[in-house]
Amino acid sequence: MESIRAAHVFAILGHPDRLSVFRLLMRFAPRGQRPTEIAQALGLKQNTLSHHLRDLVRSGLLQASRQGRSLYYAVDLDMAEALIGYLALDVGRARPDLLAPVLSARAELSTGGARAFSVLFVCSGNSARSVMAEVLLRDLGAGRFTAHSAGTRPAAHPNPAALDILRRNGHVPRGLRSKHIAEFQAPDAPKMDFVFTVCDASAAQDCPRWSGCPITGHWGLPDPVQASHANGDATAAFALTYAALRRRIAAFVALPVAALDRLALQTRIDAIDADALIIEKA
């Protein structure tokens, strides 16, 4: 990246609201979000957001695409890579003392060997989607993964309908409780290798950086509780959510995690969600 281009992009990100938009969409990447959802998550007025989105698109940091009647904005990951590479390799001169934390995290994950990889699923209430994901990974992972779940605003306990659908599918939902993500961000908390958000509300929340530089993914699914309220059929709503989660987690456990580097893993994890969405929309 040329210095003049980089200076322009940094100037665009120099505005706090535009930086917030970019950071928000990075948490959803490679998925996009509609302006209404972005404005709601960041508390911005629609006309103000429109100006920021226009500037971010013109800078090359975001791409806009139309899906049906809706316009979605997503991070241009190639541009983000070029910007970060310019900052680390050109401005930072590739100093090992600056890059060591990232490089050491990459090496630890890619040479995990036979150890179990720690995975955290996050949603807002930690009562349905993330709980089902925890049990699914525990049972489908065949001991290769240690599954956890937490919420940004945890409920008092797991949803009975979620536990029921797990039992209907042959799982034993033992030892489950709703937990706050703070439990997994404490100094003595287990270090995560992967963190997945499974609802848009949790992805939209600006949480502290995870220690250990885990690989992240956003597998946002509709809230089965709200869906069951809308159509009056809790069993069907939770069954659809269970099937969507199982589809993604089955693909995830099939990955040769210990044999792939971080870039390959991130690409495959993004593809898991994209492929599942195609099936679910068909």
Expected output: side-chain [X] to main-chain [Y] donor-acceptor under 3.5 Å:
X: R144; Y: V253; value: yes
X: D193; Y: S118; value: yes
X: T241; Y: A237; value: yes
X: N169; Y: I165; value: yes
X: Q40; Y: E37; value: no
X: T48; Y: L44; value: no
X: R18; Y: V21; value: no

For the [atom1] atom of [X] and the [atom2] atom of [Y], what is their distance to the nearest 0.5 Å?
X: R129; Y: S202; atom1: CZ; atom2: OG; result: 7.5 Å
X: L49; Y: K45; atom1: CG; atom2: NZ; result: 13.0 Å
X: L62; Y: Y73; atom1: CG; atom2: OH; result: 8.5 Å
X: L166; Y: R174; atom1: CG; atom2: CZ; result: 12.0 Å
X: L13; Y: L56; atom1: CG; atom2: CG; result: 6.5 Å
X: S20; Y: H15; atom1: OG; atom2: NE2; result: 9.5 Å

How close do [X] and [Y] get, counting heavy atoms only, and between which atoms?
X: S178; Y: P158; value: OG-N, 3.4 Å
X: I215; Y: Q266; value: CG2-OE1, 3.5 Å
X: G143; Y: A116; value: O-CB, 3.9 Å
X: A64; Y: L71; value: CB-CD1, 4.4 Å
X: N126; Y: S149; value: ND2-OG, 2.9 Å
X: V198; Y: S130; value: CG2-N, 3.8 Å

Open item on the list: Closer than 4.0 angstrom, basic N to acidic O: yes or no for R5 and E2?
Closed with: no

Task: Salt bridge flag under 4.0 Å for residues E183 and R177 - done: yes

TODO: Apply the test side chain to side chain contact (heavy atoms under 4.5 Å, CB included) to residues F238 and D164: give CA-CA distance (whole Å), side-chain angles for both, the deciding distance (0.1 Å), then the verdict.
DONE: CA-CA 9 Å; F238 278 84; D164 181 62; over 6 Å; no

TODO: Can you establish whether the number of heavy atoms outside R23 located under 6.0 Å from its atom CZ is more than 12?
DONE: no

Open item on the list: Does atom NE2 (H8) have a neighbourhood of more than 12 heavy atoms from anything else shown, all under 6.0 Å?
Closed with: yes

Task: Centroid separation F184 to H148 less than 6.0 Å - done: yes

Open item on the list: Would you say the ring centers of Y242 and H171 fall short of 6.0 Å from each other?
Closed with: yes

Task: Trace of the salt bridge (charged side-chain N to carboxylate O under 4.0 Å, His left out) decision for E280 with R248 - done: CA-CA 11 Å; E280 289 154 12; R248 288 162 173 78; 2.6 Å; yes

Is it possible for you to say whether [X] and [Y] belong to one hydrophobic cluster, with membership spreading through side-chain heavy-atom contacts below 4.5 Å?
X: V131; Y: L240; result: no
X: L137; Y: V195; result: no
X: L89; Y: L87; result: no
X: L260; Y: F117; result: yes
X: L221; Y: Y72; result: no

- [ ] Using the salt bridge (charged side-chain N to carboxylate O under 4.0 Å, His left out) rule, take R27 and D206 through it: C-alpha gap first, then chi angles, then the decisive distance, then the call.
- [x] CA-CA 9 Å; R27 297 196 290 274; D206 191 5; 3.7 Å; yes

Open item on the list: In terms of relative ring orientation, are F10 and Y86 parallel, tilted or perpendicular, with 30° and 60° separating the classes?
Closed with: tilted

Open item on the list: Over 60° means perpendicular and under 30° means parallel, so tell me whether F252 and W219 are parallel, tilted or perpendicular.
Closed with: perpendicular

Open item on the list: Is there a side-chain contact between L53 and P35 in this structure, where contact means two heavy atoms from C-beta onward sitting under 4.5 Å apart?
Closed with: yes

Show the atom names and distances, to 0.1 Å, of all donor-acceptor pairs under 3.5 Å that link a side chain in residues 75-84 to residues at least two apart or in another chain.
| residue | atom | partner | partner atom | Å |
| --- | --- | --- | --- | --- |
| D76 | OD1 | D78 | N | 3.1 |
| D76 | OD1 | M79 | N | 3.1 |
| D76 | OD2 | Q63 | NE2 | 3.0 |

Open item on the list: Could you go through Q205 and R153, starting from their C-alpha distance and side-chain angles, then the distance that decides it, and tell me whether this counts as side chain to side chain contact (heavy atoms under 4.5 Å, CB included)?
Closed with: CA-CA 11 Å; Q205 184 163 335; R153 299 185 305 276; 4.2 Å; yes

Task: Check against side chain to side chain contact (heavy atoms under 4.5 Å, CB included), Q67 and K281 - done: CA-CA 12 Å; Q67 300 177 27; K281 291 179 179 178; 4.1 Å; yes

Open item on the list: Pairing donors with acceptors under 3.5 angstrom, does anything connect the side chains of D200 and H218?
Closed with: yes

Open item on the list: Run I279 and D275 through side chain to side chain contact (heavy atoms under 4.5 Å, CB included) and show every step you take.
Closed with: CA-CA 7 Å; I279 295 172; D275 293 344; 5.6 Å; no

TODO: Identify the residue among T216, I269, L120 that makes a side chain to side chain contact (heavy atoms under 4.5 Å, CB included) with F196.
DONE: I269

